Amino acid sequence: MTRYWIFKSEPYEFSISNLAECLITRWDGIRNYQARNFIREMNVDDVVYFYHSNCKVPGIYGKMTVITPSYSDPTANDKDSKYFDKKAANLNSWLSVDVMYKDKYKEPLTLHSIKQLALGDSPLTSKGNRLSIIPLTDEQYELIEREINTLNDL
DNA sequence: GCCAACGTTGGC
DNA sequence: GCCAACGTTGGC
């Protein structure tokens, strides 16, 4: 069963353009239990939208796919990593997946536009949302995908 | 830069 | 186990 997700990143840290260059990256440094539990549910070929947060125009800027099952996030136990967690209980305290670049949109789907869609309840559009990994229902995915395709003549 | 919302921490 | 204080996220 293919599932659909949104991953957030601050573009100053890592952007869709960075991913378009390196093509494959490990999505690591997630240090929130709810987000970690979502990573655990991921499967190869899951579809992920790349969301730019904390920037001038927040929104969905591209697409990627999950290319590995979840695995222990090596940065949690790496003293030299900025994501080092000295309290991490064990190797599986935190999880990563690898993702592969798929698309970078000429016209991003802005948060403003997303709020016009009838997504229903989602951490994406609720106030004060800080969740960096957000699951989408099939219906939410369809709405978003259709809007992006319209915007980009896909 | 402001500040609301939320997760985490730590004293009790 | 409660909850106030604190730190961080992220839209505006």
Side-chain angles (χ1 to χ4, degrees), chain A residues 3-22 25-42 46-66 70-99 101-137 139-152:
Chain A
R3 297 191 60 184
Y4 308 98
W5 309 93
I6 289 177
F7 288 7
K8 286 187 195 171
S9 176
E10 302 192 7
Y12 319 105
E13 293 284 330
F14 186 75
S15 72
I16 187 66
S17 298
N18 295 136
L19 182 62
E21 280 173 31
C22 64
T25 193
R26 181 178 66 221
W27 208 268
D28 56 22
I30 301 298
R31 298 291 179 268
N32 169 283
Y33 290 108
Q34 208 180 343
R36 190 275 311 275
N37 294 343
F38 286 137
I39 295 177
R40 186 176 283 141
E41 297 174 14
M42 290 176 192
D46 278 4
V47 175
V48 183
Y49 289 121
F50 197 128
Y51 182 95
H52 285 182
S53 67
N54 202 13
C55 57
K56 196 171 287 180
V57 183
I60 294 170
Y61 281 73
K63 186 187 257 183
M64 45 197 174
T65 50
V66 174
S70 63
Y71 61 96
S72 176
D73 180 347
T75 65
N77 300 89
D78 176 1
K79 286 195 302 297
D80 297 326
S81 169
K82 64 174 171 173
Y83 299 121
F84 177 61
D85 179 5
K86 62 177 183 299
K87 290 183 302 176
N90 60 62
L91 279 175
N92 289 317
S93 291
W94 301 115
L95 298 173
S96 295
V97 285
D98 289 359
V99 289
Y101 172 82
K102 276 288 178 190
D103 209 355
K104 174 182 167 182
Y105 301 129
K106 288 196 180 63
E107 296 295 332
L109 182 61
T110 64
L111 178 60
H112 178 79
S113 301
I114 292 170
K115 286 177 175 172
Q116 318 295 314
L117 304 175
L119 291 189
D121 270 351
S122 170
L124 184 60
T125 48
S126 68
K127 226 178 150 188
N129 157 48
R130 299 163 53 199
L131 196 55
S132 61
I133 290 182
I134 297 170
L136 295 172
T137 65
E139 293 76 15
Q140 289 168 338
Y141 168 74
E142 293 296 334
L143 284 167
I144 289 172
E145 185 68 7
R146 189 176 312 140
E147 196 66 20
I148 287 170
N149 288 345
T150 302
L151 276 173
N152 290 277

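The structure displayed is predicted, hence computed values, not measured ones. Proteins come first, then strands; the chains are lettered A, B, ... in the order of their sequence lines, and each starts at number 1.
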Answer yes or no: is there a donor N or O on one side and an acceptor on the other, between the side chain of A/Q140 and the main chain of A/T137, under 3.5 Å?
-> yes
A/W94 and A/Y33: aromatic ring centres closer than 6.0 Å?
-> yes
In terms of heavy-atom contacts, does NZ of A/K102 have more than 12 from other residues, nucleotides or ligands at under 6.0 Å?
-> no
Do you see a donor-acceptor pair shorter than 3.5 Å between the side chains of A/E145 and A/Y49?
-> yes
Can I get a per-line list of side-chain donor-acceptor pairs under 3.5 Å for residues 108-115 of chain A, giving both atom names and the distance, sequence neighbours left out?
from	atom 1	to	atom 2	distance (Å)
A/T110	OG1	A/S113	N	3.1
A/T110	OG1	A/S113	OG	3.0

Expected string for nucleotides 5-11 of chain C under the B/S/- scheme (protein heavy atoms, under 4.0 Å, primed atoms plus P, OP1, OP2 as sugar-phosphate) is --BBBBB
